[in-house]
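Reading through the structure tokens given below for one structure.
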Amino acid sequence: MNFENILVSQNENLAVITINRPTKLNALNKKTIEELHTAFKALDVNSKIKVIIITGSGEKAFVAGADISEFSDYTTEEGAELARNGQELLFNFVQNLNTPVIAAVNGFALGGGLELAMAAHFRVASTNAKMGLPEVSLGVIPGYGGTQRLPQLVGKGKAMEMIMTAGMISAEEAKEWGLVNYVVAQEELIPLCEKLASKIIRNSSVAIAAAIKSINANYNNTVNGFNVEIEQFGISFGTNDFKEGTTAFLEKRKPNFE
Ligand code: COA
């Protein structure tokens, strides 16, 4: 896959997508969002790929937000379209992938950058990372799901404070708040994500996809999450992975998932 603004590498069952506009602190312009959509889509249907890590290039930023230079003269309609398109192509798209996505937050994750990290299935940060949703300081609000996902992750009060103050929190605070799962030195960030990925890769990717669907259902007002869980639980019983997983357990050996 050849892209202008992102790099995609694959090693066995793991893929790493690196947003690569370091001189713009990896800000998300339209082209980058389209490229990310294409890359995520292709990796998700690639049965060899079992985990995707998303990170930013350079040592300073994961993503410093949506590219402000692109939308500063937008109209009301163009603004709504920007948010709708972005949510569909990237943020909701990533959240609903079958393949687990880990955000390796290697520096500033601001605005659309934090929203992208929050759309991933979980987050790991380096000690220098700083996170915030500064949109109200620009006279706008988070438009890529930030007003929804931040309260889901940190609770309503903290989300209100973070969005209203437009302030940044440190990686350690983000961990305390439940926004990231781990904080490590920058050089240990990708190795830790790889280690977590290797644990995920050992398990049934079919079951993991069913778990993602069921957990996401908890945040979808239009469905009953318990019913989704029952349905996905039942579907698991018809899969080869279930047969292999349970047989391997009874035969006291490691499962060999397809
Ligand atoms: N959109 C477009 N360009 C951005 C950007 C964004 N969200 N964030 C950073 N950049 C660009 C800067 O314009 C600058 O480009 P230039 O060198 O061509 O002038 C380059 O990235 C480096 O950023 P700079 O501001 O010089 O770095 P800094 O270390 O002084 O500050 C930040 C870092 C992250 C604090 C600062 O860049 C910032 O506040 N960015 C915007 C964050 C934001 O509001 N995001 C939400 C957008 S909705």
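Numbering starts at 1 and runs along the sequence shown. Values below: all heavy atoms of this structure, side chains included; hydrogens, waters and symmetry mates excluded. Whatever order the structure lists them in is the order used to number ligands and atoms, beginning at 1.
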Are any of the protein's heavy atoms under 4.0 angstrom from atom 36 (C) of ligand 1, yes or no? no
Can S170 and E173 be counted as having a side-chain donor-acceptor contact under 3.5 angstrom? yes
Would you check the N or O atoms of K60, main chain and side chain alike, for any that come under 3.5 Å of an N or O of ligand 1? yes
Using a strict 4.0 Å cut-off to heavy atoms of D67, name the atoms of ligand 1 that fall inside it. 1 (N), 2 (C)
If you scan protein heavy atoms around atom 39 (O) of ligand 1, the nearest is L110 CD1, 4.7 Å
From the candidates L25, N29, I68, the one that places a heavy atom nearest atom 1 (N) of ligand 1: I68
To the nearest 0.5 Å, atom OG1 of T99 lies from atom CG of L43 at 7.5 Å
Whether over 12 other heavy atoms sit under 6.0 Å from E59 CD: no
Assess whether atom NZ of K195 is packed by more than 12 heavy atoms of other residues, nucleotides or ligands within 6.0 Å. no
Report, as yes or no, whether the 6.0 Å neighbourhood of atom CZ on F122 holds more than 12 heavy atoms from other residues, nucleotides or ligands. yes
Who's the nearest protein heavy-atom neighbour of atom 41 (C) of ligand 1, and how far? A64 O, 3.8 Å
Closest non-hydrogen protein atom to atom 20 (C) of ligand 1, residue and atom name please, with distance? T23 O, 3.2 Å
Atom 6 (C) of ligand 1: closest protein heavy atom, distance to 0.1 Å, is A66 O, 3.5 Å
Does the protein put any heavy atom within less than 4.0 Å of atom 27 (O) of ligand 1? yes
For ligand 1 and F71, I'd like to know whether there is a polar contact (N/O to N/O, distance under 3.5 Å). no
Does atom 44 (O) of ligand 1 have a protein non-hydrogen atom under 4.0 Å from it? yes
Applying side chain to side chain donor-acceptor pair (under 3.5 Å) between N5 and each of N20, T32, N26, report the one that passes. T32
My question is simple, although I want it checked carefully: is atom 13 (O) of ligand 1 less than 4.0 angstrom from any protein heavy atom? no
How long is the straight-line distance from CG of L36 back to CG of L90, given to the nearest 0.5 Å? 5.5 Å
For E81, is there an ion pair with R84 - N to carboxylate O distance below 4.0 angstrom? yes
Identify, for atom 19 (O) of ligand 1, the protein heavy atom at the shortest distance, and state residue, atom and that distance. K24 NZ, 4.6 Å
Test your reading of the structure: does E135 have an N or O sitting under 3.5 Å from an N or O of ligand 1? no
Could you check whether D67 pairs with R21 (Lys NZ or Arg NE/NH1/NH2 to Asp/Glu carboxylate O, under 4.0 Å)? yes
Where on A27 is there a heavy atom closer than 4.0 Å to ligand 1, on the side chain, on the backbone, on both, or on neither? side chain
Could you tell me whether atom 30 (O) of ligand 1 has at least one protein heavy atom nearer than 4.0 Å? no
Would you find more than 12 non-hydrogen atoms of other residues, nucleotides or ligands less than 6.0 Å from Q148 atom CD? no
Suppose clustering is done on Ile, Leu, Val, Met, Phe, Trp and Tyr with side-chain heavy atoms closer than 4.5 Å. Which residues sit in the same group as V228? V223
Looking only at distances, can you tell me whether any N or O atom of P134, backbone or side chain, sits closer than 3.5 Å to an N or O atom of ligand 1? no
Say whether G112 and ligand 1 are in contact under the criterion: heavy-atom distance to a ligand atom below 4.0 Å. no
Going by the atom numbers of ligand 1, which of them fall below 4.0 Å from some non-hydrogen atom of L138? 44 (O), 47 (C), 48 (S)
Have E78 and T75 got a donor and an acceptor in their side chains that come within less than 3.5 Å? yes
